[in-house]
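Below is one structure, written out as structure tokens, with a few remarks after it.
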Amino acid sequence: MKIRKAIIPAAGFGTRFLPATKSQPKEMLSVIDRPLILYSVEEAVQSGIESIAIITSRGKSSMEDYFDSSPELERFLEEKGKLDYLKEVRRISGLAEFCYIRQKEALGLGHAVLMGEKFIGQEPFAVLLPDDIYDSHTPCTKQLIDAYDEYQASAIVLGRTDEEGTKMYGIVKPRQVTERVFQIEDLVEKPGPEKAFSDLASLGRYVFTPEIFEGIKKTKPDHRGEIQLPDGVKYVLEKQKVYGVLFEGDRYDCGDKMGFLEATISLALKRPEFSEGLKTFLKSLS
Ligand code: UTP
């Protein structure tokens with residue numbers, strides 16, 4: 001079955017970004033000239049996704065405005081002859097079909113994904129966490145969709161990590177299938193270096209069969225009262241095969257301030273209009 005739908009959970013408080021996120025969504029913070037969430041939406045669309053449910057919450061309606069049309073701005077740009085900006089503004093509102101679902105309380109990522117159950121129905125779908133930017137020739141979500149098409153099973157993105165990473169990410173027990181594809185035998189959230197099965201971490205992109213919703217419903221809240229996604233994945237693992245795809249490309253974790261700064265500099269260095277000037281500026285600092 002073709003993967004047409006995606007869920008983008010964006011209802012969290014973004015506490016690691018305070019005070020910036022006191023009254024604006026983390027997902028709307030701009031890396032160079034595009035809000036974080038636009039990177040995920042574009043990746044989804046470039047991967048063949050047609051309908052996107054953004055999981056949102058109070059105080060985050062700027063995301064809805066962002067993907068809506070902007071008649072006044074468009075008229076203004078037209079009158080001033082700023083046609084390149086006009087084209088870009090119109091392109092953004094036409095990227096996909098958008099649906100917004102409120103998560104009334106930030107009860108965790110698993111809970112946020114569950115909010116999209118009715119929107120998804122009985123078909124496989126993608127989940128993209130908007131605080132990660134993946135920059136690659138084949139979009140990250142497309143790499144997972146290709147694995148889904150081949151194995152007819154859920155696929156999650158993996159990245160190699162270090163000792164620190166074993167304390168931050170879910171770590172998988174892999175059985176290698178091809179150079180980049182692994183069947184996942186187990187998944188443990190933040191095990192630490194001693195208990196980690198491998199150096200392969202589960203990152204922020206997924207393709208799920210609808211069974212994930214059953215898994216999330218069976219998951220009990222953790223000590224912070226949050227329903228986590230990896231527990232739902234573990235449930236699916238017991239019923240069906242789940243594959244991990246080692247991501248090919250550059251990933252920027254924009255969920256915290258340091259990662260966000262690294263993303264801004266790295267992506268600006270890749271843009272011809274900033275590259276030379278930024279290099280000269282960075283050299284002048286050392
Ligand atoms: P994070 O844990 O990285 O985001 O969740 P956060 O909770 O907003 O940030 P911190 O940890 O407080 O700094 C990954 C994604 O899942 C969404 C977040 O909005 C983010 O895009 N999320 C998280 C939800 O939609 N609902 C939740 O209950 C939790």
Side-chain angles (χ1 to χ4, degrees), residues 5-31 34-44 52-64 66-67 98-120 125-134 140-141 156-157 159 161 164-165 167-170 189-190 201-206 208 212-213 215-217 219-233 251-263:
K5 294 182 183 176
I7 294 177
I8 301 187
F13 281 113
T15 51
R16 284 169 293 164
F17 255 103
L18 281 167
T21 45
K22 184 169 176 289
S23 66
Q24 68 169 327
K26 171 176 75 177
E27 297 77 11
M28 288 300 289
L29 296 177
S30 180
V31 174
R34 336 160 72 71
L36 268 181
I37 194 154
L38 180 58
Y39 289 89
S40 294
V41 165
E42 292 197 315
E43 180 193 318
I52 299 174
I54 297 180
I55 311 301
T56 172
S57 57
R58 284 181 293 287
K60 292 198 154 193
S61 53
S62 56
M63 289 189 288
E64 299 178 38
Y66 192 77
F67 293 107
F98 291 97
C99 155
Y100 299 89
I101 301 170
R102 290 271 190 141
Q103 185 188 24
K104 288 182 186 157
E105 255 185 284
L107 292 178
L109 180 57
H111 184 263
V113 171
L114 188 59
M115 297 290 100
E117 185 180 15
K118 282 208 182 90
F119 165 79
I120 296 298
F125 64 100
V127 173
L128 296 90
L129 305 193
D131 32 17
D132 273 0
I133 296 177
Y134 293 81
C140 183
T141 298
I156 66 180
V157 75
T161 192
E164 254 334 275
K167 299 175 198 160
M168 289 161 53
Y169 299 108
E189 188 61 359
K190 302 176 186 160
S202 162
L203 305 174
R205 299 286 185 267
Y206 315 80
F208 287 127
I212 188 67
F213 295 122
I216 298 171
K217 283 179 205 164
T219 299
K220 299 220 159 38
D222 64 10
H223 64 282
R224 292 184 303 176
E226 293 184 359
I227 296 175
Q228 299 301 346
L229 190 57
D231 296 327
V233 177
R251 167 181 175 259
Y252 305 102
D253 177 359
C254 299
D256 68 26
K257 292 169 190 170
M258 189 63 197
F260 192 92
L261 284 172
E262 287 171 11

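Predicted model, so just to flag it, every value in this text is computed and none were measured. Both ligands and their constituent atoms are indexed starting at 1 by order of listing.
- Between E27 atom CD and L38 atom CG the span is 13.0 Å, to the nearest 0.5 Å.
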Requested in this report: Before giving the answer on salt bridge (charged side-chain N to carboxylate O under 4.0 Å, His left out), spell out for D131 and K26 the whole-Å C-alpha distance, their side-chain angles and the decisive distance to 0.1 Å.
Outcome: CA-CA 8 Å; D131 32 17; K26 171 176 75 177; 2.7 Å; yes

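- In the model, S57 has no side-chain atom that pairs as donor or acceptor with a side-chain atom of Q103 under 3.5 Å.
- One distance of note links CD of E105 with CD of E226; it measures 10.5 Å at 0.5 Å rounding.
- Both tests pass for K5 against the ring of F119: distance under 6.0 Å to the centre and angle within 45° of the axis.
- Residues lining ligand 1 at a heavy-atom distance below 4.0 Å are given as P9, A10, A11, G12, F13, G14, T15, R16, K26, E27, Q103, A106, L107, G108, L109, A112, P130, D131, ordered by chain and residue number.
- Looking at K60, its side chain never comes within 3.5 Å of a backbone N or O of I55 through a donor-acceptor pair.
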